[in-house]
Each structure stands twice: as C-alpha cells, then as structure tokens.
Amino acid sequence: MSDAFHTPSTVDPRLLEVLVCPVTRGPLSYDREAGELVSKGAKLAFPIRDGVPIMLAEEARPIEG
C-alpha cells in the first residue's frame, strides 16, 4: 500500500478493461501518482480509496485538458 488512504501502487489491468466512465461510457486511464482513474472524455478524475475506485461523478475531480 502506498499512502494513508491505502491506495494500491498499481491497478489490476483487468479492472481497467471492465470499468468505464459513468458519464461518457468511455475508457479510463490510471494516474498512478494521483491515485485516480481519469476520463479524458468527461475531463474528470475518479478517486481510488482503500483500493476501491469511486465511480460517482459527484466524487470526481474536474481536470483540465
């Protein structure tokens, strides 16, 4: 575990194959440094807490780009 929130240092690639953005239904990428799943289409970053991706738009952080 990598930090106080017990975020894993990696995300299982099989999980990334299954998860999609709840807003756009598009693909997600994993930002290891931030511990987030990023939807470029929705311009949102979804947190991972205690190893569990929080896939709620209201919990996501807006990103630029």
Side-chain angles (χ1 to χ4, degrees):
M1 300 296 171
S2 63
D3 61 20
F5 291 105
H6 306 294
T7 302
S9 59
T10 61
V11 171
D12 187 335
R14 294 173 292 178
L15 183 60
L16 284 176
E17 289 176 15
V18 176
L19 287 177
V20 295
C21 173
V23 176
T24 66
R25 302 286 184 226
L28 297 165
S29 60
Y30 177 53
D31 181 341
R32 182 180 299 187
E33 284 186 26
E36 299 172 321
L37 294 176
V38 177
S39 170
K40 291 182 181 178
K43 297 183 180 177
L44 294 172
F46 298 91
I48 300 173
R49 296 187 189 126
D50 295 324
V52 177
I54 309 300
M55 304 305 296
L56 301 170
E58 56 270 10
E59 291 288 324
R61 177 180 64 81
I63 58 173
E64 294 182 21

Taking atom OG1 of T24 and atom NZ of K43, what is their separation to the nearest 0.5 Å? 12.0 Å

Can a salt bridge be assigned to the pair E36 and R61 using a cut-off of 4.0 Å between side-chain N and carboxylate O? yes

Give a yes or no on whether V20 and L16 share a hydrophobic cluster (residues Ile, Leu, Val, Met, Phe, Trp, Tyr; joining criterion: side-chain heavy atoms under 4.5 Å apart). no

I48 vs Y30 side-chain heavy atoms within contact, under 4.5 Å: yes

Separation of L19 CG from R14 CZ (nearest 0.5 Å): 12.5 Å

Just how far is it from atom CG of L44 to atom CD of E58, taken to the nearest 0.5 Å? 10.5 Å

Checking side chain to side chain contact (heavy atoms under 4.5 Å, CB included) against P47, which of V52, L56, L37, I54 comes through? I54

What's the separation between atom NZ in K40 and atom SG in C21, rounded to the nearest 0.5 Å? 13.5 Å

Can you name the closest pair of heavy atoms from G51 and P53 and give their distance? O-CD, 3.8 Å

Nearest-0.5 Å distance, CD of residue E17 to CG of residue L15: 9.5 Å

CZ on F46 to CG on L28, rounded to 0.5 Å: 6.5 Å

